[in-house]
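The structure under discussion appears below in the form of structure tokens.
Just so it is clear, the values below take in all heavy atoms, side chains as well, and ignore hydrogens, waters and symmetry mates.
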Amino acid sequence: MSGSDYKKDSISLTGAVGLGTGVMISAGIFALLGQVAEMAGSWFPFIFIVGGILTAFSAYSYVKLSNEFPSAGGIGMFLVKAYGKGTLTASAALLMAFSMVINQSLVARTFGTYTLQLFDGEQSSYWIPLLGVALLTVAFLVNISGNSFIQTFTSIASLLKIVGLSIFAIAGLWVSGFSFTPAEGGQNLSDPSTASYIAAVALTILAFKGFTTITNSGSEIVKPKKNVGRAIMISISISLLVYLLLAWAVSSNLSLSEIINAKDYALAEAAKPAFGSYGLWFTVAIAILATISGIIASVFAVSRMLAMLTDMKLIPHKHFGMPGSIQKHTLVYTIVIAMALTIFFDLSRIASMGAILYLVMDMIVHWGVLKHLREKIGANSFIVMTALVFDAIVLGAFVWVKATSDLLVVGVSILFIIIIFVGERFFLNRTA
């Protein structure tokens, strides 16, 4: 038996949906909504629809792979099936893992940002990373408690935040007379370019990428060949509905300039017209619940994928004198890296790095399906190729836009990808 400590049939369909929505409906809407509005302008709610459609095309490959190869290693195992145990497999799997860890730091900083709204704290305050680190510590403690508690907690938390966010959205739309009107502009705001619109889609895809959390628990889900695909599509559908309601509620209650100025906490600002003096408390309470459940679910998934990669001897591992299973060790590594990112990077740059790494990995998965596994898993070539082309267009536009506005984040992302590939090549050659 592996030291990774997997438990077959320990996650129900409801629990899997809870994990997926738990990751998606967290920083995905609280932190990214304002950034999407900044890039796409007044019609930003429609960008979430485009992102949902592209995610559905992308999810097709993962559903087909999960049906054929249900595994606690999830994407790591899919890559092994497509490319074998080589540098490309290990590097792409690490890109996925790091994009998830980056998302955890995004969630952690979102938690700090929204919590500070209760105390009129400065957004540049050291309290944001401090509160983020505290949340990551809680996520670590919860994750060592076991699958049963995690899926119960995330399922209940996901239900509560979906209900809460739906109430917020409906109330916001009610205040605006259900007008579904685009946000008014503001002074000194230029019209977005075509590239900027497409680049905004990259951030919405990042908001949906939590569905991959489900694939990383494949062998632990009850009847995985049937329920993994179901859980993925249900999670994406629920998240898209919630995102649309919230985006229109914010668009109807704030001007575009107000959304952009409060981009890291736009929902809190939009709550004031709908709920009055209690709006801030209500929104922050939901944000705290959403970020806590999201980060717990994400840590749960990435630590298991890293443990599987370690078991397959695709990534280096050192115990550092720690007791327990390999999965417990990878849990520690995950939390430590997420804490470092939370301390040193702001929300915008964290989101950008996460989007770049995820889209590169996603393209590698689709190419593997198209080139090596299409017939074995019964995948439709047109759908997979469409997903691959969409990824390439969105990634290209996103990198172009970011290169003109924040070249550092593009440079760091590219350097990080190169280091991962070179490091993996060195490690696998040394251990061959």
Side-chain angles (χ1 to χ4, degrees), residues 19-20 22-24 26-28 31-32 73-76 79 90-112 129 132-144 150 203 205-217 291-310 314-318 326-362 409 412-413 415-417 419-421 423-424:
L19 288 173
V23 174
M24 280 189 274
S26 54
L32 296 179
I75 292 166
L79 290 163
S91 300
L94 280 181
L95 287 179
M96 180 63 205
F98 279 113
S99 76
M100 294 175 72
V101 175
I102 288 170
N103 185 67
Q104 290 161 19
S105 63
L106 179 70
V107 175
R109 286 194 72 100
T110 302
F111 170 79
V133 168
L135 175 60
L136 287 163
T137 303
V138 172
F140 170 77
L141 295 175
V142 171
N143 267 272
I144 61 175
I150 293 169
L203 293 179
I205 290 175
L206 185 62
F208 285 105
K209 70 177 280 292
F211 79 84
T212 57
T213 301
I214 299 168
T215 68
N216 290 336
S217 302
T291 50
I292 290 174
S293 63
I295 209 161
I296 288 172
S298 179
V299 169
F300 176 81
V302 72
S303 65
R304 275 152 177 72
M305 188 174 76
L306 288 174
M308 177 65 77
L309 292 172
T310 302
L314 288 174
I315 60 175
H317 180 83
K318 290 190 73 69
I326 291 176
Q327 188 271 322
K328 294 296 189 296
H329 301 167
T330 56
L331 176 61
V332 173
Y333 304 153
T334 300
I335 292 293
V336 169
I337 295 172
M339 285 180 174
L341 289 169
T342 301
I343 293 171
F344 294 111
F345 289 91
D346 63 24
L347 280 173
S348 180
R349 282 178 166 166
I350 290 172
S352 297
M353 290 176 61
I356 292 171
L357 266 59
Y358 174 75
L359 286 169
V360 171
M361 181 283 307
D362 200 46
V409 75
V412 169
S413 299
L415 179 62
F416 193 67
I417 292 171
I419 290 173
I420 287 177
F421 274 83
E424 276 298 326

Nearest non-hydrogen partners of [X] and [Y], listed with the distance:
X	Y	value
A338	T342	O-OG1, 2.7 Å
A108	L135	CA-CD2, 4.1 Å
T334	Q104	CG2-OE1, 3.2 Å

Exercise answer: donor-acceptor pairs, residues 91-100 side-chain atoms, under 3.5 Å, sequence neighbours excluded:
residue : atom : partner : partner atom : Å
S91     : OG   : T87     : O            : 2.8
S99     : OG   : M96     : O            : 2.8

message: So, using side-chain contact (heavy atoms from CB on, under 4.5 Å) as the criterion, who are the partners of V412 when residues are at least two apart?
response: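 V412 satisfies side-chain contact (heavy atoms from CB on, under 4.5 Å) with M353, L408 only.
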- prompt: What pairs with F211 under ring pair (Phe, Tyr, Trp, His ring centres under 6.0 Å), at least two apart in sequence or on another chain?
  reply: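 Ring pair (Phe, Tyr, Trp, His ring centres under 6.0 Å) check on F211 returns Y62.
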Could you grab the distance from atom [atom1] of [X] to atom [atom2] of [Y], nearest 0.5 Å is fine?
X	Y	atom1	atom2	result
R109	I343	CZ	CD1	9.5 Å
I337	I102	CD1	CD1	10.0 Å
I417	M361	CD1	CE	11.5 Å
L206	Y358	CG	OH	9.0 Å

